[in-house]
Amino acid sequence: MKSLLNLPLIAFCILLPSQFLLAQDTTDYTTSAGTSPVPAIIGLLVALLMIVAMWKVFVKAGQPGWASIIAIYNLYVWCKLVGRPGWWIILMLIPFVNIIVGIVLCIDMAKSFGKGAGFGIGLAFLGIIFLPILGFGSAQYLGAAAVEVAQGTPIPLPPPESA
């Protein structure tokens with residue numbers, strides 16, 4: 001007898017369209033609003049600045065500038081530029097290890113251009129500021145810093161500028 005009392009309720013639920021049972025609106029508003037192109041333009045300008053700055057750094061070091069735009073090859077050239085072995089690009093593919101290796105490469109790059117370790121830390125964490133300074137500034141490539149440190153020869157620093 002109880003099942004017969006539930007029959008009208010079951011029939012009502014089956015016949016009632018599902019959109020009335022759900023307390024959700026099925027209208028999709030995400031496609032009607034346009035997005036702003038400003039973030040994309042800013043991102044492209046930042047990427048272009050970084051590519052040009054890295055190109056200038058490679059040219060200053062006597063490497064081909066086009067090497068800065070080839071994905072894995074630029075890491076290889078970067079390792080050679082600072083005096084690290086080429087197999088370090090494998091370390092750059094390992095998560096979390098690549099962070100440490102990237103910081104070491106940035107510090108070595110700063111030393112290769114006669115800058116200090118602080119400038120290298122700046123390259124690692126604020127590359128958008130420090131890489132253009134290195135590329136467009138007056139810094140000169142002095143040689144691979146890691147090779148000179150490993151051989152025990154001091155890195156020649158440029159003469160102090162008089163004010």
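Side-chain contact between Ile103 and Phe125 is present, with heavy atoms from C-beta onward closer than 4.5 Å. Between Asn98 and Leu93 the shortest side-chain heavy-atom distance does not fall below 4.5 Å. Counting only heavy atoms from C-beta outward, the side chains of Arg84 and Val101 never approach each other to under 4.5 Å.
Here Cys106 contributes atom SG and Leu131 contributes atom CG; the two are 8.5 Å apart, rounded to the nearest 0.5 Å. Here the straight-line distance linking atom CD1 of Ile100 with atom CE of Met92 works out to 11.0 Å at 0.5 Å rounding. To the nearest 0.5 Å, the span separating CG on Leu81 from CG on Leu105 amounts to 10.0 Å.
Annotation for Ala110 and Gly116: closest pair CB-O, 3.5 Å, computed over non-hydrogen atoms. Among all heavy-atom pairs drawn from Pro39 and Ser36, the shortest one is CD-O, 3.4 Å. The shortest heavy-atom contact between Pro132 and Gly127 is CD-O, 3.5 Å. Across every non-hydrogen atom of Trp88 and Cys79, the tightest pair is CB-SG, 3.7 Å.
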Could you go step by step and tell me if Asn74 and Ile69 meet the side-chain contact (heavy atoms from CB on, under 4.5 Å) rule?
CA-CA 7 Å; Asn74 66 1; Ile69 58 175; over 6 Å; no

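A continuous path of hydrophobic side-chain contacts links Leu91 to Leu123 [ILVMFWY only; heavy atoms under 4.5 Å]. Ile94 and Ile72 end up in the same hydrophobic cluster when Ile, Leu, Val, Met, Phe, Trp and Tyr side chains are linked at under 4.5 Å. No path of Ile, Leu, Val, Met, Phe, Trp and Tyr side chains, each step under 4.5 Å between heavy atoms, connects Ile128 with Ile107, placing them in separate hydrophobic clusters. Connection of Phe119 to Phe113 is established within a shared hydrophobic cluster, with ILVMFWY side chains joined at heavy-atom distances below 4.5 Å, either directly or through further cluster members. Placement of Tyr141 and Met109 within a single hydrophobic cluster is found when ILVMFWY residues are connected by side-chain heavy-atom separations under 4.5 Å, directly or transitively.
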Could you pull out all donor-acceptor pairs under 3.5 Å where a side-chain atom in residues 44-62 meets a protein atom, sequence neighbours excluded?
from	atom 1	to	atom 2	distance (Å)
Lys60	NZ	Leu134	O	3.0
Lys60	NZ	Gly135	O	3.3
Lys60	NZ	Gly137	O	2.6
Lys60	NZ	Ala139	O	3.0

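The side chain to side chain contact (heavy atoms under 4.5 Å, CB included) test applied to Tyr73 returns Trp66, Ala67, Ile70, Tyr76, Val77, not counting sequence neighbours.
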